[in-house]
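This report refers to the structure that appears directly beneath it.
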Number of protein chains: 2
Amino acid sequence: MSEIETMLKESGLKSTKQRRAILEILRKKELPLAAEDVYIELKKQNVPANLSTVYRTLDTMSEHGLIQKFGLMGEGRAYYELFRVVHRHFLVCIGCKKMIPIQGCPLHEYELEIEAKTDYKISGHRLDIYGYCPECASAGKNIE
Amino acid sequence: MSEIETMLKESGLKSTKQRRAILEILRKKELPLAAEDVYIELKKQNVPANLSTVYRTLDTMSEHGLIQKFGLMGEGRAYYELFRVVHRHFLVCIGCKKMIPIQGCPLHEYELEIEAKTDYKISGHRLDIYGYCPECASAGKNIE
DNA sequence: CCCGGAATTGCAAATAGTTTGCATCTGCAT
DNA sequence: ATGCAGATGCAAACTATTTGCAATTCCGGG
């Protein structure tokens, strides 16, 4: 049984062609994808699938903790990425929207600190860094 | 001229009743608001305004750097808050969606580090911490 | 103070993203 | 192999947001 099938089974989800393909797509891409990107990729791979199924699958998997769903500053749609134990953050270019992953996360101690200070049970965080990539910066896109 | 009128003028925006009211609302609330929340608040205050105007105003003001627009994990709509020089982050309850502000931000050095490492021109970041508030935690909403 | 042009607003209609109802199909335990 | 709970496809509904256009308002110059 493949690693992906194991993930599904352990979450109590049926292992279907579409689910395996979607998880595989999220695993291979190193960047977060919108539902439609996943759908397009499925089509490219000739996996029969409907956009509703993609949405439903992504939601179900989020609920089961296999993937994470989030929104980006000023973007009108949701992005999804595989849940990773060693989590990463992204550097998002305000000019061209390109995202690149950043290694390392400086927030573990901070979370503990907050937890102690607030009585909340912290489960995680989302951090995105915004800026201009070298190309957009030199193209003057950051002049306001 | 009020502080708010100055903000508008300095950004090159006309000072209209709706804009002043919207800025005032965002300034008074200590939490981020969705467009509709702003609209409802305007109605409450008997400020004549249309939902499109609210959206347009919020967008224009984001572009001019007066406010910030962002998305929350798993929420289908955008939130807006006044831009603050001393910025804050929020602790968001996964159970009841309540947000509370957290004082202090541990990321300034981290940004410099990233800037040095990547050649990007960093302009800021968005950090939200997710967890369960004491009420939701004891109500067992975090058991999966 | 009044006027004109440009910016802003209201309204209604369009769009984008996402969700849902229901009939059909499929994976998996027996 | 068989049955049924869970998954999918399709079309229609919904929610959040955007847009075109005509009417209105702001603001600088006369």
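Only a predicted model underlies this, so the values are computations on that prediction, with no experimental measurement involved. Lettering of chains follows the sequences in order, A, B, ..., and the numbering in each one begins at 1.
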Compare side-chain N and O positions of A:N50 against OP1 and OP2 of D:dC10 and report whether any pair is under 4.0 Å apart.
yes
With the criterion being N/O to N/O and under 3.5 Å, what pairs connect the protein with nucleotides 23-30 of chain C, and how long is each?
from   : atom 1 : to    : atom 2 : distance (Å)
C:dC28 : OP1    : A:S15 : N      : 3.2

Could you check whether A:E75 pairs with A:K97 (Lys NZ or Arg NE/NH1/NH2 to Asp/Glu carboxylate O, under 4.0 Å)?
no
Measure the distance from OH on A:Y39 to P on C:dG17 and round it to the nearest whole Å.
14 Å
At what distance, to the nearest 0.5 angstrom, does CD of A:E111 lie from SG of A:C105?
7.0 Å
Length of the line joining A:L58:CG and C:dG17:P, which is rounded to integer Å:
15 Å
In whole Å, what is the span from the CD atom of B:E63 to the C1' atom of C:dA7?
14 Å
What integer distance in Å separates A:Y79:OH from C:dA16:P?
15 Å
Between B:R19 and D:dC26, does any side-chain N or O lie under 4.0 Å from OP1 or OP2?
no
I want to confirm an ordering. Mapping A:G12 and B:A35 to their closest nucleotides on DNA chain D, which one lands closer to the 5' end?
A:G12
Rounding to a whole Å, what distance do you find between B:L8:CG and D:dC26:C1'?
12 Å
Choose from D:dT8, C:dG10, C:dT18 the nucleotide whose nearest atom is closest to any side-chain atom of A:A78.
C:dT18
Could you state the interatomic distance from CG (A:L66) to CD (A:E10), rounded to the nearest 0.5 Å?
9.5 Å
Between atom CG in B:L72 and atom C1' in D:dA16, what is the gap in whole Å?
15 Å
Quick one: label B:T60 by what it contacts on the DNA or RNA (base, sugar-phosphate, nothing), any heavy atom closer than 4.0 Å.
nothing
Has A:R77 got a side-chain N or O lying under 4.0 Å from the OP1 or OP2 atom of C:dA16?
no
Would the distance check show the side chain of A:D37 and the main-chain N or O of A:A34 forming a donor-acceptor pair, the cut-off being under 3.5 Å?
yes
Is the CD atom of B:Q45 crowded by more than 12 outside heavy atoms at less than 6.0 Å?
yes
Sugar-phosphate, base or nothing in reach of B:A34, heavy atoms under 4.0 Å:
nothing
Could you state the CD-P distance from B:E75 to C:dG17, rounded to the nearest angstrom?
18 Å
Do B:V47 and B:E41 have side-chain heavy atoms sitting under 4.5 Å apart?
no
B:Q18 vs D:dT25: side-chain N/O to OP1/OP2 distance below 4.0 Å:
no
Look at atom NZ of B:K17 and say whether more than 12 heavy atoms of other residues, nucleotides or ligands are closer to it than 6.0 Å.
no
Taking the basic N atoms (NZ, or NE/NH1/NH2) and the acidic carboxylate oxygens, is any pair closer than 4.0 Å for A:E30 and A:R84?
no
Please write out the pairs of protein N or O atoms and N or O atoms of nucleotides 18-24 of chain D separated by less than 3.5 Å, giving the distance to one decimal.
from   : atom 1 : to    : atom 2 : distance (Å)
D:dT18 : OP2    : B:D59 : OD2    : 3.3
D:dT19 : O4     : B:S52 : OG     : 3.3
D:dG20 : O6     : B:R56 : NH1    : 3.3

Please list all pairs meeting ring pair (Phe, Tyr, Trp, His ring centres under 6.0 Å) that have one or both residues in residues 55-85 of chain B, counting only residues at least two apart or in different chains.
none
Please determine whether the number of non-hydrogen atoms from other residues, nucleotides or ligands lying under 6.0 Å from atom NZ of A:K29 exceeds 12.
no
Please give, in whole Å, the distance from D:dG6 C1' to A:H64 NE2?
11 Å
